[in-house]
There are 2 protein chains.
Amino acid sequence: MKTLPTSISRRHFLGSIGKIAGSSVMLKAAATIGLTMTVSGCGASNASEQPPITPTPNPTPTPTDPPPAVNPNPRPSDWPANSGNNQTVTILGSGIAGMTAALEMNKLGYQCTILEATARAGGRCQTIRAGDTIEELDSLQSCQFDNNPALYFNPGPARIPHHHDLLLGYCRQFSIELETFTNDNRAALYHSTNAFNGQPQLARRIVADSRGYISELLSTALNQNALDQALTPGERNDLIEMLKSYGALTANSNYTGSNRAGFEGQENTGGIGRDTPISPLDLTEILNSDFWQYQLSFVETIDQQPTLLQPVGGMDKIAKAFEAQVADNIIYQAVVTQIRKTDAGVRIVYQDQTGSDVTVESDYCICTIPTTVLRNIANDFSPAHQNEINNFGYTNPCKIAFQSKRFWEQEHNIYGGISWTNQNITQLWYPNSGFGHDQGIIVGAYTFSSSAGDSFSTMSPQQRLNPGITQASQLHPQYGNEVHNGISICWSKVPFQLGGWGASTANILLTNDENIYFAGEHLSNLQGWQEGAILSAYHAIDGIIGASA
Amino acid sequence: MKTLPTSISRRHFLGSIGKIAGSSVMLKAAATIGLTMTVSGCGASNASEQPPITPTPNPTPTPTDPPPAVNPNPRPSDWPANSGNNQTVTILGSGIAGMTAALEMNKLGYQCTILEATARAGGRCQTIRAGDTIEELDSLQSCQFDNNPALYFNPGPARIPHHHDLLLGYCRQFSIELETFTNDNRAALYHSTNAFNGQPQLARRIVADSRGYISELLSTALNQNALDQALTPGERNDLIEMLKSYGALTANSNYTGSNRAGFEGQENTGGIGRDTPISPLDLTEILNSDFWQYQLSFVETIDQQPTLLQPVGGMDKIAKAFEAQVADNIIYQAVVTQIRKTDAGVRIVYQDQTGSDVTVESDYCICTIPTTVLRNIANDFSPAHQNEINNFGYTNPCKIAFQSKRFWEQEHNIYGGISWTNQNITQLWYPNSGFGHDQGIIVGAYTFSSSAGDSFSTMSPQQRLNPGITQASQLHPQYGNEVHNGISICWSKVPFQLGGWGASTANILLTNDENIYFAGEHLSNLQGWQEGAILSAYHAIDGIIGASA
């Protein structure tokens, strides 16, 4: 690495921000994408399912008042039996938040009614199989996958961190079969059009070589006594030994490559011929890529580190199990048109499936409608609540899925996990089940920057497939010959959702507006996660119990 | 870390070797345990399934002659159709090597007979369920697990690296359902009686804090310009930015803890309350533990890095699928007593299930019998072959399995993966399937040092359970109250195996002894892996085809 030119092309997102705006802005950006977040006391969400590079469409409002002190982590065991006492609650939306609220409040003796705008419970917790449809504001797609239970696509949430206790507790309670979901597959690819001449690199090489160089350089510094002020002599010697193991260094603390990165000539197919470890990549080129901004640390973050889980057969197993618990509470195809305060509580007006207006009066309301939708519903909210609703930003993620022969398994030994690219498709997700089958569903795009999302959401579903294939072909040249039956979703265009997940900091909406309480993943500290939806429901329930006690 | 005493208690295996014997010995030891192995051209196996700290029972012999040049990586596609031409082959042993040989040679027109000493095909590829037995030289255990297909124990191989192409190809061919196997679970525990006051530590803390401190220290050195000879100014600045992401550093490149390590007060149950990242562990204490010797790099090694796989329902799905292909070739309960050379080829004498001697004559023999067993069978081998057989070492691994309520999932959010301890039980393996069920099978010991293996193999199966429970209780205090129906295996005591996997370097046995060829994982560069067994079979087949062409 010493012989390369000193002028290095810089395309580093974080690096650029750091240089232009100073390190505190950069740290904030890093925190937003969930990578560092080491400053204690930071109040922003640090837990989006994916790093939302640019929150959309509205900026986070400046909080005007701190929210009142509440039980920060209420749990069902905190609530007295029969505390509902036949009081009535209208719950707006049958996503995970709404169904959690009904499920738990039913137990407490509340009379719950869920108004669901669509004909399906679950909200974004959904699975697409042969014949299912994806509706956007200006399109309707029908899924053309072969009719096979292993061929499915989770357009919304698709993984569960092992420490999302509450969701996993419901899965256990409902006997939902779970299996492992893989983020970190060393056979997957990291690709950047700006590095390594645009050639995709095996994850195992980037990971092993980065670790090797970092270990080597620190060893060099230690051997030069550069850190003698920071370490005792004993610590220094121990650390030198540790780094040999940590980085796969030679006895002289050099990094000369490692079989952790694979074997020469066996990059794609593993390590059967075990002769020469593959030559290490150039450190300069690794630094010059953007791989270290996300890929190298993504799976280290608290919500992405192993183990992760998924329901066997599709994420909607969770929605269906919740629905089975609260089916009697749900009124489907009930589109809320008014949310009103009354002396006695709340009055909701909805349009039923025949187009008629129907009025529901209740003591309380829990509103889980996304703010992007809510801001266009007639209401009596306070100005502060209305203001936060109007300014609350959402991400605009898109996903594309294709059916395909499992060439990634058969030709590249990729069993699950994620490949990355700096193109708009951003990620390829290989299926984590059905290994060895002939056909599988590959998620051929999962965008989480605003610009990447826009690049697809402005296209028709049919148009999206072309860049989807062209871009993925940079990673897998055979892609265009193999994938078919493409289907896509852009969440900013899905009716009654109009966004991916909350990207603003909740403040006023954490407090009730008289007898109206708010819930939904966007109002949790786990934005974008089903666990956050559950937490937000608990928060709303706890508020109602406190108010009605 | 600057305030701690300079005298650090040293219990580091590698460190101690390094100090006593010099770095080249230490590197060799490191290579043996599969952690570094960065010296190209090293001929030793680098691929044992587990790090065999001390090969047993015999030292590696000094090679006397280099083996002749052979096709290093023969594949079935290399072999001419009908090359068998009705020649006869007697295959000794119906493990994966023996069944692979018969499977492929049947296709080529050889007439194959497999002599299997036991009543079951598969060798060490085996799964234990309710009612199954484990036989050792002086004991017979019957498995008391509840009768449930999810309650099983793989006493032998239990995971498949994603790049073991050949085995995975057979799995695909035989429609064996596979699922993900997890090595790296950040909710699992690292435990050492010699560090952290004997308190088990969450893997996520050790991993995140080690990475943080290494990044911080390298940043410090870079900021002091200590590495300006090794890096250009541009590289230096890029690396400083990279390390902030890599190690979760502050804007000032300090490591002050990270939510990657979890949240204060939420060590075991994850990160729902997201207030304060947990305080970082002390670097000195991390260095003082032995965690960095294996745990921190184990999952980085080429055969242990993600993704790994396992057959759904037990590893013996593979043995059964192979057996279904070659069932007509197998003679069960055929105990080989003589291996003789004849003018025409080979004569094998075996004792059949009635105790009668039976003689089989054939053109060729492929002997997959472990050297520990083979050395006691009457034979006509050359002195060189006999010598290598007599001196070829094997590991002596033991495993213990218990049925239990899945307290690890229910109370600790541990879904699959491995906890480590420096006690003899060495590892706990949590089941990678059946998540959410009430009952599961935990592998409560998996030893791979000679001394740890001896500690169990000298006990009766019943006696082994006591230290198994006592030691695991150091990691999980509720262990003794939960586990039951324990069963164990010490491979050095299993008839017709007498060892875990080969731990010597093969040389003479890679060459034929007239018409007798040798195979088995121990003769591959993937010792201890089923893929190695397949490779060794291909090697033997290739030799026979070359000889008979």
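Small disclaimer: the values here were computed from a predicted structure and weren't measured. Convention: sequence-line order gives letters A, B, ...; per-chain numbering from 1.
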With a 4.5 Å cut-off on heavy-atom pairs, point out which of A:G436, A:G416, A:G169, A:P306 contacts chain B the most. A:P306

If you count heavy-atom pairs under 4.5 Å with chain B, which of A:L239, A:L178, A:N185 comes out on top?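 Most pairs with chain B among the choices: A:N185.
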
Kindly give the heavy-atom pair with the smallest separation between [X] and [Y], and that separation in Å.
X: A:L287; Y: B:E235; result: CD1-O, 3.7 Å
X: A:N413; Y: B:H162; result: CB-O, 3.2 Å
X: A:L218; Y: B:I214; result: CD2-O, 3.7 Å
X: A:Q224; Y: B:A226; result: OE1-O, 2.9 Å

Before giving the answer on side-chain contact (heavy atoms from CB on, under 4.5 Å), spell out for A:T220 and B:Q229 the whole-Å C-alpha distance, their side-chain angles and the decisive distance to 0.1 Å. CA-CA 11 Å; A:T220 301; B:Q229 288 194 303; over 6 Å; no

So which residue, [options], ends up with the most heavy-atom pairs under 4.5 Å with chain A?
options: B:R211, B:Q173, B:E179, B:E409; value: B:R211
options: B:T182, B:L309, B:N432; value: B:L309
options: B:S210, B:A221, B:A261; value: B:A221

Identify the residue among A:I176, A:V312, A:T180 that makes a side-chain contact (heavy atoms from CB on, under 4.5 Å) with B:F435. A:T180

If only atom types and distance count, is the side chain of A:E300 paired as donor or acceptor with the main-chain N or O of B:R260 below 3.5 Å?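 Not at all, since once roles are kept as given, no pair shorter than 3.5 Å links the two residues.
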
Could you grab the distance from atom [atom1] of [X] to atom [atom2] of [Y], nearest 0.5 Å is fine?
X: B:N259; Y: A:T301; atom1: CG; atom2: OG1; result: 8.0 Å
X: B:M242; Y: A:S289; atom1: CE; atom2: OG; result: 7.5 Å
X: B:L217; Y: A:S219; atom1: CG; atom2: OG; result: 11.0 Å
X: B:Q410; Y: A:L168; atom1: CD; atom2: CG; result: 12.0 Å

If only side-chain N and O atoms count, and only distance matters, is there a donor-acceptor pair under 3.5 Å linking A:Q305 with B:R204?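 The answer is yes; a qualifying pair exists.
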
Chain B heavy atoms under 4.5 Å from A:L243: which part of the residue, side chain, backbone, both or neither?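 For A:L243, side-chain heavy atoms alone lie under 4.5 Å from chain B.
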
Evaluate the side-chain contact (heavy atoms from CB on, under 4.5 Å) criterion for residues B:L283 and A:L231: first the C-alpha distance (whole Å), next the side-chain angles of each, then the deciding distance (0.1 Å), finally the verdict. CA-CA 10 Å; B:L283 174 60; A:L231 297 168; 3.9 Å; yes

